[in-house]
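One structure is given below, encoded as C-alpha cells.
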Amino acid sequence: MPTSSASATDAAKPAASGGVQSLERAFDLLERMADAGGEVGLSELSASSGLPLPTIHRLMRTLVACGYVRQQPNRRYALGPRLIRLGESASRLLGTWARPYLARLVEETGETANMALLDGDEIVYVAQVPSKHSMRMFTEVGRRVLPHSTGVGKALLAHTPAEEVRALLARTGMPAATEKTITTPEGFLAALEQVRRAGYAVDDNEQEIGVRCLAVSVPDSPTAAAVSISGPAGRVTEAATEKIVPLLQEVARDLSAALASTNGQG
C-alpha cells in the first residue's frame with residue numbers, strides 16, 4: 001500500500017474525536033468532492049475545508065496513489081474507481097441491516113417493503129422484503145429507476161434545492177412510465193412541495209398502473225435513503241395510508257437510530 005508523504009507526526013496526530021487527524025481530513029475531502037459533483041480543484045477544497053493548500057496536496061497525493069482519487073488532465077481531482085468497490089459493499093451491508101425493519105413493515109402492513117438509495121441521478125433498490133399476499137409487488141434488488149416516477153424518488157429529493165432538482169431532471173429526462181407519470185419539472189417540484197407538507201411521498205399509479213407506493217426518507221442516514229411499501233391500489237387506499245404512514249415514519253426513525261449506533265461502534 002502506498003504511504004503518505006505527510007510527516008509521521010502529522011499522520012499520527014490525534015483528532016478531537018480520539019482518531020487520527022489525517023484520516024479524518026482525508027475522508028472529509030472525499031465527502032466534499034462528492035458534494036461538489038465528484039470533481040474539484042485544490043483551491044476549491046481549500047476554500048471549503050479551511051485547510052492549507054500544502055496539507056490538501058499531501059492528502060490528495062496519497063489518495064491518488066491508493067486509487068481513491070485520480071488527477072484529471074486539467075489538473076483537477078476526481079473521485080477514483082476504487083471507491084466503487086467500497087460503495088457497492090456498503091450498499092449491500094446497508095440493505096442487510098435494513099431487512100429486519102422492512103420485515104416489520106411487511107408484518108404490520110401486509111405489503112411489500114423496500115429500501116432505496118439515491119445513486120447519482122438514479123434510484124437504486126438495495127433491499128426488499130416481499131408481501132405474503134399472492135398478489136404482491138416485486139422489485140429486483142439492484143434495479144435502477146428514474147426518480148420522477150417513484151415514491152422513493154420523491155422522498156429522497158424532497159429537500160433538495162429546486163435548481164438541483166431541475167438540473168437532475170434535465171439530465172435524465174422525464175419519460176412517462178404510465179399515463180399518470182409526472183412529466184414536467186414544474187409538476188415534479190409541486191409534488192415535492194406536497195411531500196414536504198405531508199411528511200411522506202406517494203407514487204399513485206405513476207410507475208406501474210394498479211400499484212400505489214408510500215415512501216419516507218430515513219432521517220440523518222449516512223447516505224440518502226428511503227423506505228417504502230408498495231401494493232395494489234385496491235389495498236393501499238387512502239384509508240390504509242392513514243395507518244401506514246405513521247408506521248413508515250417510525251420504522252425510518254428506528255432504522256436511522258440503528259445506523260447511527262452502528263457508525264458509533266468500535
Side-chain angles (χ1 to χ4, degrees), residues 98-118 123-141 143 145-160 162 165 169 174-219 221 224-256:
R99 282 188 63 83
Y101 299 88
L102 300 183
R104 178 186 167 195
L105 285 172
V106 174
E107 186 67 27
E108 297 195 31
T109 69
E111 304 301 343
T112 296
N114 309 282
M115 183 177 186
L117 308 179
L118 183 62
I123 301 299
V124 57
Y125 290 93
V126 296
Q128 180 180 85
V129 175
S131 165
K132 296 173 184 174
H133 288 291
S134 56
M135 182 182 292
R136 62 191 181 192
M137 304 304 107
F138 179 78
T139 298
E140 183 181 359
V141 171
R143 181 188 178 200
V145 295
L146 297 181
H148 71 283
S149 61
T150 63
V152 286
K154 293 174 189 173
L156 287 166
L157 292 175
H159 296 284
T160 301
V165 174
L169 296 175
M174 300 184 72
T178 75
E179 61 186 22
K180 289 212 166 187
T181 305
I182 299 171
T183 56
T184 66
E186 291 73 20
F188 190 67
L189 289 170
L192 296 187
E193 173 60 29
Q194 176 59 29
V195 174
R196 290 191 291 273
R197 286 199 305 266
Y200 68 96
V202 181
D203 158 15
D204 189 2
N205 294 272
E206 296 161 50
Q207 179 69 27
E208 187 176 344
I209 290 295
V211 177
R212 291 188 88 232
C213 173
L214 306 173
V216 301
S217 61
V218 178
S221 174
V227 292
S228 69
I229 65 93
S230 55
R235 291 202 305 256
V236 186
T237 60
E238 290 299 329
T241 297
E242 293 179 8
K243 298 178 181 178
I244 291 171
V245 167
L247 177 63
L248 265 175
Q249 294 169 333
E250 180 182 334
V251 168
R253 289 192 298 269
D254 290 348
L255 177 55
S256 174

Side chains of [X] and [Y]: closer than 4.5 Å at any heavy-atom pair?
{"X": "Leu157", "Y": "Phe188", "answer": "yes"}
{"X": "Gln194", "Y": "Val202", "answer": "no"}
{"X": "Thr181", "Y": "Thr178", "answer": "yes"}
{"X": "Gln128", "Y": "Met115", "answer": "no"}
{"X": "Val106", "Y": "Leu102", "answer": "no"}
{"X": "Lys132", "Y": "Glu107", "answer": "yes"}
{"X": "Val165", "Y": "Pro185", "answer": "no"}
{"X": "Asp254", "Y": "Arg104", "answer": "yes"}

* **Donor-acceptor under 3.5 Å (Arg196 side chain, Ala158 main chain)** => yes
* Asp203 side-chain N/O to Cys213 backbone N/O, donor-acceptor pair under 3.5 Å -> no
If every non-hydrogen atom of [X] is compared with every non-hydrogen atom of [Y], which pair is closest and at what distance?
{"X": "Leu156", "Y": "Ala116", "value": "CD1-O, 4.2 Å"}
{"X": "Ala155", "Y": "Ala226", "value": "CB-CB, 4.3 Å"}
{"X": "Thr183", "Y": "Ala176", "value": "CG2-CB, 3.9 Å"}
{"X": "Val152", "Y": "Tyr125", "value": "CG2-OH, 3.7 Å"}
{"X": "Ile182", "Y": "Ala191", "value": "CD1-CB, 3.8 Å"}
{"X": "Ala225", "Y": "Leu117", "value": "CB-CD2, 3.5 Å"}

Nearest 0.5 Å, please: how far is [atom2] in [Y] from [atom1] in [X]?
{"X": "Ile123", "Y": "Arg143", "atom1": "CD1", "atom2": "CZ", "value": "11.5 Å"}
{"X": "Leu255", "Y": "Ser221", "atom1": "CG", "atom2": "OG", "value": "7.0 Å"}
{"X": "Thr241", "Y": "Ile229", "atom1": "OG1", "atom2": "CD1", "value": "7.5 Å"}
{"X": "Leu169", "Y": "Thr184", "atom1": "CG", "atom2": "OG1", "value": "9.0 Å"}

* Check against salt bridge (Lys or Arg N to Asp or Glu O under 4.0 Å), Lys154 and Glu193 -> CA-CA 10 Å; Lys154 293 174 189 173; Glu193 173 60 29; over 6 Å; no
* side-chain contact (heavy atoms from CB on, under 4.5 Å) with Ile244: which of Leu105, Leu214, Thr237? -> Leu214
* Just wondering, more than 12 heavy atoms not from Glu186 lying within 6.0 Å of its CD? -> yes
* Structure fact -> Partner of Arg212 under salt bridge (Lys or Arg N to Asp or Glu O under 4.0 Å), picked from Glu206, Glu238, Glu111, is Glu238
* Asked: Does any donor atom in the side chain of Gln207 or Ser149 lie under 3.5 Å from an acceptor atom in the other side chain?
  -> yes
